[in-house]
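Basis for what follows: all heavy atoms, side chains included, without hydrogens, waters or symmetry-related copies. To find a chain, count down the sequence lines: A is the first, B the second, and so on, and within it residues start at 1. All values derive from a computational prediction rather than experimental measurement.
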Amino acid sequence: MAIRRSTSDLTFRNWVLEQPEGETLLRCYQCGRCTSACPVAAIDNSFNPRLFLQKILLADESLAEEQLVWTCLTCEQCEVRCPEHVKIPHLLILAKVRGLVGGNIPQAALDRARGILTGGRIIMVNESMLKTRNKMGLPDLGQPPVDQIASVLKEIGLAKKLEKLESVYGGEGNE
Amino acid sequence: MTKTVVVIGAGLAGIQVTQQLTDLGVTVHLIEKESIIGGLATHLGRVFPTGDCALCLDACEELFDGHHRRCQYRSLLTSKKNLKLYTQTEIKSITEADGKISVSIKSHPRYVLLDRCVVCLECINVCDVEIPDEYAIRGGTRKAIYRPISQGVPLAPLIDMDHCTQCGKCVEVCGVDAIDLEDKAKTRTIKADALILATGVEEKIPLNLAGYAYSESDDIITQRELARLIDPAGDTNGQVITSSGDDAAKVTMVLCAGSRDLEATEYCSQACCTYSLKHANMLRDKEIDVTICYMDLRVQKASNHYLDLARKKGVKFLRGKPDKVIVRDGKPTAIVEDTQTQQRMEIESDLVVLASPLSPLASQSEVLADFLGEYGFASRVIKEGRVYACGTATGPEDIPTSIAEANAIALRVYADLEGGR
Amino acid sequence: MSKVKTYTYFPGCMIPFRLPHFELAARAVLKKFDIELEANPGHACCPEPTTFTGVDFEAWVTLAARNVAVSETTGLETLSLCSGCFHTLAVANHMVQEDENLKSRINERLKTVGLKVTGNLIVKNILHVLHGDVGLERIKKEITHPLKGLKFAPHYGCHLVRPLEATHMDDAEQPKWMDDIIEVTGAEVADFEDKMSCCGAPIMPSDADKAFTLTADRIEKIRASGADAIIVVCPTCYTQLETQQKKATAKFDPEYSIPVLYLGELLAISMGMKDMVISNARRYHRVKIGPLLEKIGGAA
Ligand SMILES: Cc1cc2nc3c(=O)[nH]c(=O)nc-3n(C[C@H](O)[C@H](O)[C@H](O)COP(=O)(O)OP(=O)(O)OC[C@H]3O[C@@H](n4cnc5c(N)ncnc54)[C@H](O)[C@@H]3O)c2cc1C
Ligand code: SF4
Ligand code: SF4
Ligand code: SF4
Ligand code: SF4
Ligand code: SF4
């Protein structure tokens, strides 16, 4: 996985730095402790968090299109060991977000997002689930306020973004 | 009138500043908590940039020639009229009144009278108590009456009362009545014009350092411990052996093991890159395979030849900070990414050596707390005309820098006390 | 005995609908300590922190902050039984605390629904409540059926513990609170390699095979410790280690299996509510816990 020439305008890097906690990127020594700590790197040599950060530092947007970033566990083992507390999994999350533009997203992630937007939950609640709760004597939890979700997300435009992605993927699947 | 200065800490910096001031006619009370002077230097064996014995860095009476060598062992340190050395002495309080600074001290008993002992060492021979030697790495022992190292000044032995059985054999054998088992602690207060902190640093014991398993294996050691293994005067006679007694054939060094780490020690300890190189070269001379895992090498210009030498001698450099050292089949194994080849490596070795941070000793003393700044280090001039610091008490540094700083502070204190510059 | 303490209960999606026996056990155990959980209809999905973050981080933190804001209106401390939800709420709460820009951006959005987030909410997980609020002494008093002679492997899971600045847990690498609770039940804590390693679940959607490799490694290391069961807090870890166990262990030993118990179930058993656990065992435990319960049988 070679480092590509950086985009001359540094957009990717600058965008990351503007995000919450994105500037922790600049503390990276490139020491590689994250990579030697990472359980995914241990079983897949092409998964290399240090190199991922190097790509962001060099504004190499190819990282965002890399399917590999989605195999980060967000387990934070790297971050715990990083001498500079770089928010590594968070930076990879930002790369994922960036990559969506190019359609790099697992189907299940898309479905969960759709579930949250339409039902306020990542799973479909059915009758039998409600019955079970009832039988167990567990209280009714009501319906999540979907309208509120839509309202607070309006400015971010997530609904539109999802529609566009779903058209690329050809609609919803099952989780 | 003669001015009086108290210097706390008789490491190389404290000794140097004391020598300079006493040569200038100032009376100096030099206070050391250990039983011998020299501080860290007593552990090190040979030191960069010249490869001399660390104890040879005492500068004696000639002025301003900080880097010349004269053995501490043969120095005038204990015989100068205007120099009073107190070992095994702790600072009880420091107060300021009427333009003077009062330092109350408590000297713990040595049980061997310095003005009598002729250092025949008969007493050590007859003592039956044997306990682990603090300077030993591979199980060496010492007696209850002992000398921490053979060149330690004062040269006379001392008794470790925590382990002495009061059998009286040493008293009996001593031909000059130098041993007094009833010796008592002494307290006194010194009124001085100025105070200098030369309290130095210690190498952190990395017991709680995440990842590097220091407490799990005696084959995971620090650079100071390696220095003891290499030192011909150490308990292995300079043989670099593992905990099972075999000659080490393969050694991996981890630099910045706790330094430059927000979770451990934030600052760079400055000297460890170079002394790790020094040790690596010494190991290569014994044909031991050496790999140094580093983030970046911070070597002072004056010591750059150690780096060149290391390359020539075939020390392997691996750019990458290991995540962890694990003990596998009894052998320490470093897990590290070689960031140049992007390969995840598992390096099995006989010894893993950690460059553990240098941390300030002054911060262990409540009495000194008010004088300290960030991370427990002091600034050179803590209070104009009163309180100063030099050597590694002001921040981690190597010996030449510590000595140079001691020289500078000696002049500064002299000028400030004598009212002119 | 003492008076009842109420927490705002953040249910999330997984526990109430997929694994309601978690909620049942937790409520029953907490009741013994005079603790009530009160749900709030304003809450929605936390949202989950492993994939939605990567869809739109800004949306994730906004929705999470909305849940935090809803909790703030209750004036109570919030308890989430699910580690994912806990992590989301705690991290969002912490980010809002630390980042004024983010906070005002979010509050602009929350204004449209009449909510406001301050970042002052106290978000807790079950270990905070059991170990901190209730205390080991009090728990000990309720242990009527000590689990002597058994050995359990505590699997904390990543999101319960990390990042410390947001989770306020005891240690990021060697957490002890669950160990302490296991010991209070009279059982022994198994000592195994890589205490904090991940169950593998987060990457099931993107690379199931890799996920199973990690799960298998996890279980293999636990096996080496001779544990009788794995104890979990998180429903996602549970699902991975429990329902996916067969697929994972196939990688090293298809014959091997180990029961997985929810911490609440473990406490329920040791507090004399074994029947409740048994009644749900068949439906919710794919790895049979019968033999384990028999082993406990003598005591409980
Ligand atoms: C493994 C290792 C190898 C090294 N190798 C080299 C090398 O090759 N070349 C080189 O240039 N540098 C080397 N160094 C660095 C070198 O040791 C230091 O720069 C130097 O010894 C510092 O001297 P100092 O006088 O400032 O402090 P120290 O040597 O630490 O002396 C401080 C003294 O103050 C005393 N003290 C502290 N607090 C009190 C108190 N409250 N009351 C009374 N007394 C007190 C201590 O007991 C000690 O004796 C090495 C360091 C290490 C750890
Ligand atoms: S461990 Fe931290 S500093 Fe080192 S390369 Fe990884 S992110 Fe950068
Ligand atoms: S958070 Fe991601 S990059 Fe970091 S150790 Fe876990 S899997 Fe590896
Ligand atoms: S104390 Fe006595 S016996 Fe011991 S070294 Fe000194 S003179 Fe010799
Ligand atoms: S009196 Fe103490 S120091 Fe002397 S010989 Fe006996 S045990 Fe050793
Ligand atoms: S001197 Fe070298 S080894 Fe020591 S802390 Fe600094 S960079 Fe690390």
Legend entry - Interchain contact, C/F52 with chain A, by part (heavy-atom threshold 4.5 Å): side chain
Inset, instruction - Identify which of C/G42, C/C46, C/G157 forms the greatest number of heavy-atom pairs closer than 4.5 Å to chain A. - result: C/G42
Legend entry - Pair C/R105 + A/E18, salt bridge at N-O below 4.0 Å: no
Legend entry - A/P20 versus C/M95, closest heavy-atom pair with distance: CB-CE, 3.5 Å
Inset, instruction - Considering only heavy atoms, give the residues of residues 197-221 of chain C separated from chain A by less than 4.5 Å, sorted numerically, with 'none' for an empty result. - result: C/C198, C/G200, C/P202, C/I203, C/P205, C/S206, C/D207, C/K210, C/T213, C/L214
Inset, instruction - Specify the closest pair of heavy atoms between C/D56 and A/K161, including all atoms of both residues, with the distance to one decimal. - result: OD2-NZ, 3.3 Å
Legend entry - Verdict with supporting geometry, C/T62 and A/E155, side-chain contact (heavy atoms from CB on, under 4.5 Å): CA-CA 11 Å; C/T62 302; A/E155 176 218 326; over 6 Å; no
Legend entry - Heavy-atom contacts under 4.5 Å, residues 22-41 of chain A to chain C: A/P39, A/V40
Inset, instruction - Begin with the C-alpha distance, continue with both residues' side-chain angles, and end with the deciding distance and a verdict on side chain to side chain donor-acceptor pair (under 3.5 Å) for C/T112 and A/S151. - result: CA-CA 7 Å; C/T112 64; A/S151 179; 2.9 Å; yes
Legend entry - For chain A, which residues of residues 19-31 of chain C have heavy atoms nearer than 4.5 angstrom: C/P20, C/H21, C/E23, C/L24, C/R27
Legend entry - Nearest non-hydrogen partners of C/T53 and A/V97, listed with the distance: O-CG2, 3.3 Å
Legend entry - Members of residues 124-131 of chain A whose heavy atoms come closer than 4.5 Å to chain C: A/V125, A/M129, A/L130
Legend entry - Distance, nearest 0.5 Å, that separates CD of C/E98 from CD of A/E21: 8.0 Å
Inset, instruction - Determine, for C/R162 against A/E79, whether the closest basic-nitrogen to carboxylate-oxygen distance falls under 4.0 angstrom. - result: no
